[in-house]
Protein chains: 2
Amino acid sequence: MSRWGMVKKTRSSQRREEALSRDRIIEASIALLDHSGESGLTFRTLSERLATGPGALYWHIVNKSDLTTAACDAIVARTLEAPQVGATPKAAIRTLALGMFDAIDAHPWVGSALTRAPGQAPMVRILEGIGQQVRALGVPGDAQWAAASALLNYILGVSGQNAANAQFARAHDLDRSNFLESVSTAWSQLDPDEYPFTRSVAGQLRAHDDRADFLAGIDLILSGIGSPLAQ
Amino acid sequence: MSRWGMVKKTRSSQRREEALSRDRIIEASIALLDHSGESGLTFRTLSERLATGPGALYWHIVNKSDLTTAACDAIVARTLEAPQVGATPKAAIRTLALGMFDAIDAHPWVGSALTRAPGQAPMVRILEGIGQQVRALGVPGDAQWAAASALLNYILGVSGQNAANAQFARAHDLDRSNFLESVSTAWSQLDPDEYPFTRSVAGQLRAHDDRADFLAGIDLILSGIGSPLAQ
DNA sequence: ACCTGAACACCGTTCAAGT
DNA sequence: ACCTGAACACCGTTCAAGT
């Protein structure tokens, strides 16, 4: 308080306490993405939050794509870190998949970051987790890649859709149930001759349990992997 | 030629012949996206191509998201328009899925547009095509949604990955095989203790047939749908 | 070595003004 | 009714200059 009278010009932006680091930048990005969605992360808001200038960030990160992938990887790493000892391979795959589903539900931006980083660290973590269990399942060597990548692609598909739903809802100022409601209404008004199936499931959409449906898909693929028809 | 001397000031931008229309704008957008990728479509390049100003486009389209979805929908509609008479339901699903795969291979931007338009027209077309065949397959009513959405999510997952691969390759000035090569190399240099599975499939990645792998995943899900374990 | 912040080259979108 | 194009409010990224 006594300092107030001592300076002619108060510095409006408080000086940061700690030095910048890649980790601090990533943590701040996660907080921003969680709070304001994908469009909430800009170099200006981020540097403001970190009490620095936009240019300073480039000393620690390559570019925005690198930053988003790194933030995504941090979430994925935390999600998958619990080792699954004692579980059957199928149970382990279900647990891993549900873990990812819940993580993306909590951080929708992770879904789209994941789909935009093909072959990169976060995707590799998921592939590895799945692949190890596919092996443990006894799938023959030459069928392991097909089984693991089918599961991975399904998970990425659901991830992307969940992220898109959340972003769409945010952009139109709807919550999740209002969003589903509006899609359901639109589907039920489609031409009955051209869209009989979609019309017939419009009602289910309103009430359905995303998480249960997600798991049903995983189980479908798992039983396909175990089916003699597939081998 | 003789006109050259007749005017003091030649109008640098040629006056367009036809009036603007939503359809002409969408066709021009498709051409631009095919030629220059997702980043190639801007209101400035598009309006230049159509010999008009950026603002004029807003008389016919809502915004950029609407434009991209409409362009995507035009491609999806063309891809799915051939009616599948006489094919078995499984064959029809395979044909539909492969059709989408090839369309996205030819127009990678369709993959990301698809994942960014949840519940919208292009996605509904695909869902309807799949759903009708799932019904024809004899799947009971209460399991139809799970079966159709598993297939849809898998297709969307692969779509998104293919689009991301193409965009990543374009951004780094690589062709497809160079891109796979670089991912494969990166994977084979991972820590053997932490990433045994991913390392073991790194080699397969280099030589693998995307299209065949995609179909293998569809078959896996189809045999899961037909498996007694799943019902 | 690390940070600053103005400047650059873009975006999508709006809107008064024209025809 | 439809189009024009300047202007607005942003972006990510760069870079000379500082410490």
Side-chain angles (χ1 to χ4, degrees), chain A residues 9-26 28-29 32-33 36-72 109 112-113 116-117 167-168 170-173, chain B residues 9-26 28-29 32-33 36-72 109 112-113 116-117 167-168 170-173:
Chain A
K9 242 196 233 166
T10 56
R11 235 192 163 299
S12 65
S13 65
Q14 224 180 328
R15 208 67 185 61
R16 91 188 77 82
E17 320 264 302
E18 290 174 83
L20 273 179
S21 71
R22 189 174 160 89
D23 277 350
R24 286 197 64 228
I25 293 173
I26 290 167
S29 303
L32 226 33
L33 287 162
S36 330
E38 286 179 64
S39 63
L41 179 66
T42 72
F43 280 81
R44 280 166 184 82
T45 56
L46 182 58
S47 62
E48 208 171 313
R49 191 108 151 187
L50 290 165
T52 183
L57 302 173
Y58 283 86
W59 191 263
H60 302 276
I61 60 163
V62 178
N63 52 34
K64 191 174 183 181
S65 152
D66 171 52
L67 177 59
T68 322
T69 303
C72 172
W109 55 271
S112 42
R116 264 185 278 107
Q167 183 151 11
F168 189 94
R170 183 189 283 268
H172 294 73
D173 261 315
Chain B
K9 239 197 234 165
T10 54
R11 234 192 162 298
S12 64
S13 65
Q14 224 180 328
R15 208 68 185 58
R16 92 187 76 84
E17 321 263 304
E18 291 173 83
L20 273 179
S21 72
R22 189 172 160 90
D23 277 351
R24 287 197 64 227
I25 293 173
I26 290 168
S29 301
L32 225 33
L33 287 162
S36 329
E38 287 179 62
S39 64
L41 180 65
T42 72
F43 280 81
R44 281 166 183 81
T45 55
L46 181 57
S47 62
E48 207 172 315
R49 191 108 150 188
L50 290 165
T52 184
L57 303 173
Y58 282 87
W59 191 262
H60 302 276
I61 61 164
V62 178
N63 53 34
K64 193 174 182 181
S65 153
D66 169 53
L67 177 59
T68 322
T69 303
C72 173
W109 55 271
S112 41
R116 265 184 278 107
Q167 183 151 11
F168 189 93
R170 184 190 282 270
H172 295 73
D173 263 315

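What you are looking at is a predicted structure, and each value in this text was computed from that prediction instead of being measured. Protein chains get the first letters and strands the later ones, always in sequence-line order, with residue 1 at the start of each.
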Student: For B/Leu20 and D/dG5, give me the distance from atom CG to atom C1', rounded to whole Å.
Tutor: 14 Å
Student: With pairs defined as Watson-Crick or G-U wobble and both distances under 3.5 angstrom, please note down DNA chain D as a dot-bracket string, | for pairing with another strand.
Tutor: ||.|||||...|||||.||
Student: Please check this pair: side chain of A/Ser47 against backbone of A/Arg44, looking for a donor-acceptor N/O pair closer than 3.5 Å.
Tutor: yes
Student: Using the side chain to side chain donor-acceptor pair (under 3.5 Å) criterion, which residues pair with A/Ser65? Sequence neighbours excluded.
Tutor: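 Residues passing side chain to side chain donor-acceptor pair (under 3.5 Å) with A/Ser65: none at all.
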Student: A/Tyr58 OH to C/dC3 P: how many Å, rounded?
Tutor: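 A/Tyr58 atom OH is separated from C/dC3 atom P by 16 Å.
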Student: A/Ile25 versus A/Ser29: any side-chain heavy-atom pair under 4.5 Å?
Tutor: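 Counting from C-beta outward, A/Ile25 and A/Ser29 do come under 4.5 Å.
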Student: Output yes when a side-chain donor or acceptor of B/Thr68 lies under 3.5 Å from a complementary backbone atom of B/Lys64, and no otherwise.
Tutor: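 Such a contact is found between B/Thr68 side chain and B/Lys64 backbone.
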Student: Could you give the CZ-to-P distance, from A/Arg22 to C/dC2, as a whole number of Å?
Tutor: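 The distance from CZ of A/Arg22 to P of C/dC2 comes to 14 Å, rounded to the nearest Å.
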Student: Below 3.5 Å, can you tabulate the donor-acceptor pairs from side chains in residues 54-61 of chain B to any protein atom, sequence neighbours excluded?
Tutor:
none

Student: Scan residues 59-71 of chain A against DNA chain C and write down, sorted by residue number, each residue with any heavy atom closer than 4.0 Å; if none is found, say none.
Tutor: A/Trp59, A/His60
Student: Measure from CG on B/Leu46 to C1' on D/dG5 and round the result to the nearest Å.
Tutor: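 In whole Å, D/dG5 C1' lies 16 Å from B/Leu46 CG.
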Student: When the distance from CZ of B/Phe43 to P of C/dC10 is rounded to whole Å, what number comes out?
Tutor: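 Rounding to the nearest Å, CZ of B/Phe43 and P of C/dC10 are 18 Å apart.
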Student: Using side chain to side chain donor-acceptor pair (under 3.5 Å) as the criterion, list what pairs up with B/Asp66, not counting sequence neighbours.
Tutor: B/Arg22
Student: Would you kindly give the CD-to-C1' distance between A/Glu38 and D/dG12, to the nearest whole Å?
Tutor: 16 Å
Student: Starting from P on C/dC3, measure out to CG on A/Leu57 and report it in whole angstrom.
Tutor: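 One finds 10 Å between P of C/dC3 and CG of A/Leu57, rounded.
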Student: In plain terms, say whether B/Arg116 and B/Glu38 are close enough for a salt bridge, that is, a side-chain N and a carboxylate O under 4.0 Å apart.
Tutor: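 Yes.
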Student: Run the ring pair (Phe, Tyr, Trp, His ring centres under 6.0 Å) test against B/Phe168 and tell me which residues pass, sequence neighbours left out.
Tutor: B/His172, B/Phe179
Student: Looking only at heavy atoms, what is the nearest atom pair of A/Ser39 and A/Thr42, with distance?
Tutor: O-CG2, 4.0 Å
Student: By nearest heavy atom, map B/Arg44 and B/Ser21 onto DNA chain D; which one lands nearer the 5' end?
Tutor: B/Ser21
